[in-house]
Number of protein chains: 2
Amino acid sequence: MENGIANLLGALSLAVMDRIEQGAREVVGRGGETPAALIVIGYGQGMTNDKLRRILGLSHSGTVRLVDRLVSDRLVERRAGKDGREVALHLTPSGAASRNELLASRISAVTSLLDVLSSAERKQLATLIHELLARQDTSEMDRFTICRMCDDRVCTNCPLPTNKGQHAR
Amino acid sequence: MENGIANLLGALSLAVMDRIEQGAREVVGRGGETPAALIVIGYGQGMTNDKLRRILGLSHSGTVRLVDRLVSDRLVERRAGKDGREVALHLTPSGAASRNELLASRISAVTSLLDVLSSAERKQLATLIHELLARQDTSEMDRFTICRMCDDRVCTNCPLPTNKGQHAR
DNA sequence: TTAAATATGTGCGTAGCGCACATATCTGGT
DNA sequence: ACCAGATATGTGCGCTACGCACATATTTAA
């Protein structure tokens, strides 16, 4: 039964995301892509509406309304971007605090599932997942999408490649 | 950095669920818990509204409206249950067909991520995930929730325990 | 200098969901 | 046999999250 592994990973992924999303909703009081948006905006201070849209995989208007919600929650500010068309999204102090809670909640949720494994088993699993991710054929944008909830405080050297579509040479 | 593994599993789980949900939406034209509902209803012919509610983690009214959508899409029929209060949910032939497409789409989505691993690596990963799931402290209802998208054609002997809260002895 | 591209905002509608309430059926104690 | 509570379903109403089509402002390129 060669599909057994796919089914197992599917079930585990569902369990993991259920727990992450539940925690995220408790922290920010909102669901959908809103928690991910808060994390993505926090990666740097140059985020624009349009980059965010592509990372989250939402429509343009959906992204504008999402940012509206973050602004009305006093978690994000719209500032002038370099380009006169762009809006530069910045976290407020409150937004940065919520983002940290969000990241901690996510790590905690996953850890609670992982800690039934021994240290050696966790290491083995980490190696396998690292390889699995490292061998995917992902563009830079794909990587941002997959990593839209990632904790940049613990994820040094992301395994995901960023060279999809580039010439092999 | 001991949280590295949690972050990696979180990222992988997000990537897996993104792909599963995208495929599911293409198959049934609906999102949220609707695809899972179709799969759960197909597990047996005794599913009721209330059991479904608990498995999906939705409110009562949300579940009623979800079933309304499945009925209006001609995928599910409401029949009389044994108990005069209950509604017995049954898949129509069209519903059973959609369910099969859904399960195939899910397995295919996960497999496309997995197939960068060697056969030996996949086997190793399967063993680890199997152990991880087998050691969770889950009730029977927890198990149905985690397995609400599982493919019962490929998942013989589910590793999840069903004895949370029972006395040790 | 002007058309196309880029980036954002808005009117409007829909899907998916929860809360509070109403109704029907079953169960258990007297 | 009867009636209060438990169980199961359905409904009115509102809200969140989102997409489509359109409008507007700025930059870029011919």
Side-chain angles (χ1 to χ4, degrees), chain A residues 17-18 21-22 24-41 46-73 75-90 141 145 148-149, chain B residues 17-18 21-22 24-41 46-73 75-90 141 145 148-149:
Chain A
M17 290 313 298
D18 278 354
E21 285 167 11
Q22 181 188 347
R25 182 173 288 275
E26 285 168 9
V27 169
V28 298
R30 300 201 179 267
E33 293 297 326
T34 305
L38 200 59
I39 295 176
V40 169
I41 292 169
M47 186 53 56
T48 67
N49 220 323
D50 192 60
K51 270 194 228 170
L52 186 61
R53 176 190 81 75
R54 280 188 287 242
I55 293 171
L56 300 180
L58 296 180
S59 70
H60 163 63
S61 64
T63 307
V64 173
R65 300 290 152 74
L66 193 165
V67 173
D68 286 347
R69 292 193 294 273
L70 289 174
V71 169
S72 77
D73 289 348
L75 301 176
V76 165
E77 284 177 2
R78 285 181 168 116
R79 299 185 192 165
K82 292 179 184 179
D83 192 315
R85 296 166 294 187
E86 291 180 353
V87 168
L89 302 174
H90 290 259
M141 193 52 64
T145 297
R148 70 190 187 273
M149 301 279 289
Chain B
M17 290 312 299
D18 278 354
E21 285 167 11
Q22 181 188 349
R25 182 173 286 276
E26 285 168 9
V27 170
V28 297
R30 300 200 180 267
E33 293 297 328
T34 306
L38 200 59
I39 294 175
V40 169
I41 292 169
M47 186 52 55
T48 68
N49 220 321
D50 193 61
K51 269 193 228 170
L52 185 61
R53 175 190 81 75
R54 281 188 287 244
I55 293 172
L56 300 181
L58 296 179
S59 70
H60 163 61
S61 63
T63 307
V64 172
R65 300 289 152 73
L66 194 165
V67 173
D68 286 347
R69 292 193 293 273
L70 289 173
V71 169
S72 78
D73 289 348
L75 301 175
V76 165
E77 284 177 3
R78 284 181 169 114
R79 300 185 192 166
K82 292 179 184 177
D83 192 316
R85 296 166 294 187
E86 292 179 352
V87 169
L89 301 174
H90 290 259
M141 193 52 65
T145 297
R148 69 190 188 274
M149 300 279 288

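Here is the naming used below: chain letters follow the sequence lines, and residue numbers restart at 1 for every chain.
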How many whole angstroms separate atom [atom1] of [X] from atom [atom2] of [N]?
X: A/Leu56; N: D/dG19; atom1: CG; atom2: C1'; result: 15 Å
X: A/Arg79; N: C/dA7; atom1: CZ; atom2: P; result: 21 Å
X: B/Asp68; N: C/dA15; atom1: CG; atom2: P; result: 13 Å
X: B/Glu33; N: C/dG18; atom1: CD; atom2: C1'; result: 14 Å
X: B/Glu86; N: D/dA6; atom1: CD; atom2: C1'; result: 13 Å
X: B/Arg25; N: C/dT14; atom1: CZ; atom2: C1'; result: 11 Å
X: A/Asp73; N: D/dA17; atom1: CG; atom2: C1'; result: 13 Å

Nearest 0.5 Å please: distance from the [atom1] atom of [X] over to the [atom2] atom of [Y].
X: A/Arg78; Y: A/His90; atom1: CZ; atom2: NE2; result: 13.0 Å
X: A/Leu89; Y: A/Thr63; atom1: CG; atom2: OG1; result: 10.0 Å
X: B/Lys51; Y: B/Ile41; atom1: NZ; atom2: CD1; result: 12.0 Å
X: B/Arg30; Y: B/Arg69; atom1: CZ; atom2: CZ; result: 6.0 Å

Side-chain N or O of [X] versus OP1/OP2 of [N]: is the shortest distance under 4.0 Å?
X: B/Arg53; N: D/dT9; answer: no
X: B/Arg69; N: C/dG16; answer: yes
X: A/Arg30; N: D/dA17; answer: yes

Self-check item: With sequence neighbours excluded, residues passing side-chain hydrogen bond (donor to acceptor under 3.5 Å, both in side chains) with B/Arg53
Solution: B/Asp50
Exercise. Would you classify A/Thr48 as touching base, sugar-phosphate or nothing, given that sugar-phosphate means primed atoms plus P, OP1 and OP2, and contacts are heavy atoms under 4.0 Å?
Key: sugar-phosphate
Quiz item: Heavy atoms under 4.0 Å, any strand shown: does A/Gly81 hit a base, just sugar-phosphate, or nothing?
Solution: nothing
Exercise. Could you check A/Gly62 against B/Ala88 and say which one's nearest nucleotide on DNA chain D is further toward the 5' end?
Key: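 Of the two residues, B/Ala88 wins.
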Self-check item: B/Val87 vs A/Leu66, nearer the 5' end of DNA chain D by closest nucleotide
Solution: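 Whichever sits nearer the 5' end wins; that is B/Val87.
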Quiz item: With respect to the side chain of A/Thr34, which nucleotide from C/dC17, C/dG9, D/dA17 is positioned closest?
Solution: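 Looking only at heavy atoms from C-beta outward on A/Thr34, the closest nucleotide is D/dA17.
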Exercise. Kindly point out which of D/dG10, D/dC18, C/dC17 is positioned nearest to the side chain of B/Leu58?
Key: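 Among D/dG10, D/dC18, C/dC17, the one nearest the side chain of B/Leu58 is C/dC17.
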Quiz item: What's the shortest heavy-atom distance between B/Arg54 and B/Thr145, and which atoms?
Solution: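 What the structure gives for the nearest pair is O-OG1, 3.9 Å.
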Self-check item: Taking every non-hydrogen atom, the tightest pair across B/Ala88 and B/Ala80
Solution: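 Scanning both residues completely, I find the closest heavy atoms to be CB-O, 3.8 Å.
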Self-check item: Sequence-aligned protein contact record of nucleotides 21-30 of chain D, with B where the base is within under 4.0 Å of a protein heavy atom and S where only the sugar-phosphate is
Solution: B----BS---
Quiz item: Under 3.5 Å, is there an N or O donor on one side and an acceptor on the other linking the side chain of A/Arg65 and the base of C/dG11?
Solution: yes
